[in-house]
Amino acid sequence: MDTRALINKAEKLVRSTGQFIKEELGKVSASDIEAKALNSLVSYVDKEAEKMLVSGLSQIFPDAGFITEEDTPDDDSKDFVWIIDPLDGTTNFLRQIPHFSVSVALQVKGIVQLGFVYNIMLDEMFSAGKNHGAFINGRKISVSSTTRFNEVIVATGFPYENRDT
């Protein structure tokens with residue numbers, strides 16, 4: 001399969017998974033939430049989204065392995081390995097804070113070759129491929145040419161996990 005066809009198929013699957021997640025926003029009750037670890041939550045939405053991605057990606061590369069967040073057994077022993085975070089930002093999703101995404105990458109022989117991050121609430125699909133460039137909704141993007149620090153914007157996020165344990 002050529003890379004452009006692969007990107008198109010993966011983007012379509014990631015978007016449809018994101019739409020499922022968006023449809024479930026506000027529907028998850030407290031009894032539907034499990035704590036995997038301190039500040040690490042999971043719900044049926046995470047699990048179902050992962051199933052959708054694994055099923056669809058298995059059709060693209062039937063012999064590929066997976067590294068996932070939820071119930072799919074990890075198998076990184078194969079040449080092609082999909083790396084999946086089906087609902088990146090579960091805590092935000094569960095609190096209805098509109099900053100969460102679907103994140104998927106394809107690793108080939110230990111090197112990440114493709115990546116997809118779908119910002120669900122803004123309908124922004126970021127994709128990048130080694131030797132193919134980076135895109136948002138199909139439009140090429142690149143690093144700014146700005147070299148003066150006082151002219152740039154810097155953003156960060158803070159991890160939830162407690163590194164003291």
Side-chain angles (χ1 to χ4, degrees), residues 1-26 36-42 45-46 49-50 52-54 56-57 60-61 64-70 74 76 79-165:
M1 175 182 303
D2 72 88
T3 303
R4 178 52 42 205
L6 172 63
I7 290 169
N8 290 340
K9 286 183 177 189
E11 282 185 358
K12 184 177 179 180
L13 175 63
V14 170
R15 277 185 188 277
S16 66
T17 302
Q19 289 310 303
F20 160 74
I21 293 168
K22 187 175 183 178
E23 290 167 6
E24 297 303 307
L25 186 62
K36 294 191 294 188
L38 180 65
N39 295 320
S40 181
L41 305 174
V42 65
V45 178
D46 302 75
E50 181 172 295
M52 293 170 70
L53 290 166
V54 168
L57 295 170
I60 295 171
F61 278 123
F66 291 92
I67 299 172
T68 65
E69 285 240 334
E70 309 310 337
D74 287 351
D76 63 356
D79 285 347
F80 292 90
V81 178
W82 292 104
I83 303 166
I84 301 171
D85 188 343
L87 177 46
D88 195 355
T90 299
T91 300
N92 283 354
F93 172 80
L94 293 173
R95 294 183 178 161
Q96 298 184 47
I97 299 169
H99 301 288
F100 46 87
S101 63
V102 177
S103 299
V104 175
L106 177 62
Q107 178 179 279
V108 180
K109 296 183 180 178
I111 299 171
V112 174
Q113 298 289 327
L114 297 173
F116 307 89
V117 176
Y118 181 51
N119 182 332
I120 297 166
M121 299 308 287
L122 294 179
D123 191 29
E124 293 176 328
M125 174 65 73
F126 294 87
S127 61
K130 187 172 182 179
N131 301 321
H132 291 282
F135 300 84
I136 179 172
N137 291 339
R139 182 178 47 85
K140 189 159 181 59
I141 57 176
S142 61
V143 175
S144 168
S145 61
T146 302
T147 58
R148 295 178 49 172
F149 189 74
N150 64 338
E151 295 176 357
V152 301
I153 296 174
V154 178
T156 187
F158 299 98
Y160 294 120
E161 70 183 57
N162 182 353
R163 296 186 187 262
D164 294 335
T165 58

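Only heavy atoms go into these numbers, but all of them, side chains included; no hydrogens, no water, no symmetry mates.
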For L94 and V45, what are the C-alpha separation, side-chain angles and deciding distance, and is it a side-chain contact (heavy atoms from CB on, under 4.5 Å)? CA-CA 10 Å; L94 293 173; V45 178; over 6 Å; no
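- Legend: residues meeting side-chain contact (heavy atoms from CB on, under 4.5 Å) with D74, ordered by chain and number and at least two apart, are I67, T68.
- To the nearest 0.5 Å, the span separating CG on L114 from CD on Q107 amounts to 11.5 Å.
- Of all the heavy atoms in L13 and L53, the pair that sits closest is CD2-O, 3.7 Å.
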Could you list the donor-acceptor pairs under 3.5 angstrom formed by side chains in residues 131-148, with sequence neighbours left out?
{"unit_1": "N137", "atom_1": "OD1", "unit_2": "R15", "atom_2": "NH2", "d": "2.8"}
{"unit_1": "N137", "atom_1": "OD1", "unit_2": "M125", "atom_2": "N", "d": "2.8"}
{"unit_1": "N137", "atom_1": "ND2", "unit_2": "D123", "atom_2": "O", "d": "3.2"}
{"unit_1": "S144", "atom_1": "OG", "unit_2": "T146", "atom_2": "N", "d": "3.0"}
{"unit_1": "S144", "atom_1": "OG", "unit_2": "T146", "atom_2": "OG1", "d": "2.9"}

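- Counting only heavy atoms from C-beta outward, the side chains of K22 and L25 never approach each other to under 4.5 Å.
- Inter-residue side-chain proximity for L57 and I84 is flagged as met; some heavy-atom pair is nearer than 4.5 Å.
- In this structure, V108 and K130 have side chains that are not in contact, with every pair of non-hydrogen atoms separated by 4.5 Å or more.
- Nearest heavy atoms, P86 versus E70: CG-CG, 4.2 Å.
- Rounding to the nearest 0.5 Å places CG of L6 at 10.5 Å from CD of Q113.
- F61 is listed as a side-chain neighbour of L106, based on a closest heavy-atom distance under 4.5 Å.
- The minimum heavy-atom distance between F20 and A49, with the atom names listed, is CE2-N, 4.0 Å.
- Nearest heavy atoms, V112 versus A105: CG1-CB, 4.1 Å.
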Got a list of side-chain donor-acceptor pairs under 3.5 Å for residues 96-103, not counting sequence neighbours?
{"unit_1": "S103", "atom_1": "OG", "unit_2": "D88", "atom_2": "OD2", "d": "3.1"}

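- Here the closest non-hydrogen pair linking F116 and S127 is CD2-CB, 3.7 Å.
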